[in-house]
Amino acid sequence: MKKGNNISSLQDQNQLAQAQQSILHLQRAINQAKSHMNEDILEQIKHSMDRAERSLTQAETVTDDQNALNLVRQELVQQQQVFQDLTQQNR
């Protein structure tokens, strides 16, 4: 579905909520890695990051609320930076 197809506000909010939920899962995985870094957790983080990116992309195709999208995008970028910092510390 694309923007402009009279998609309901509820569907827009659902896509944004899914993106936010994916980012929360990513955040939890990163927090877990801070105390218990291992290959399984790294894979979980990568999976969570991919899912969050896909969810955000889906939200961008149906949501016209640029402010909400920007907030979710900033949350994702912040988590990506935390992960990058964490992996650099553990090299």
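In this text the structure is predicted, and so the values were computed from the model without any measurement.
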Mind checking whether [X] and [Y] have side chains closer than 4.5 Å, heavy atoms only?
{"X": "L69", "Y": "L56", "value": "yes"}
{"X": "E53", "Y": "Q80", "value": "yes"}
{"X": "H47", "Y": "Q44", "value": "no"}
{"X": "V72", "Y": "L76", "value": "no"}
{"X": "L42", "Y": "E39", "value": "yes"}
{"X": "T61", "Y": "Q15", "value": "no"}
{"X": "D40", "Y": "E43", "value": "no"}
{"X": "E75", "Y": "Q27", "value": "no"}

Problem set entry | Smallest separation among heavy atoms of S22 and A52, with atom names |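 So the two residues come closest at CB-CA, 3.5 Å.
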To the nearest 0.5 angstrom, please state how far the [atom1] atom of [X] sits from the [atom2] atom of [Y].
{"X": "Q21", "Y": "L16", "atom1": "CD", "atom2": "CG", "value": "13.0 Å"}
{"X": "N38", "Y": "I41", "atom1": "CG", "atom2": "CD1", "value": "4.0 Å"}
{"X": "I30", "Y": "L26", "atom1": "CD1", "atom2": "CG", "value": "4.0 Å"}

Exercise. Are side-chain N/O atoms of D85 and Q89 paired as donor and acceptor at under 3.5 Å?
Worked result: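 Per modelled atom types, D85 and Q89 side chains form no pair under 3.5 Å.
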For this session: Applying side chain to side chain contact (heavy atoms under 4.5 Å, CB included), run through M37 and L86 and close with a yes or a no.
Result: CA-CA 9 Å; M37 179 69 79; L86 182 65; 3.6 Å; yes
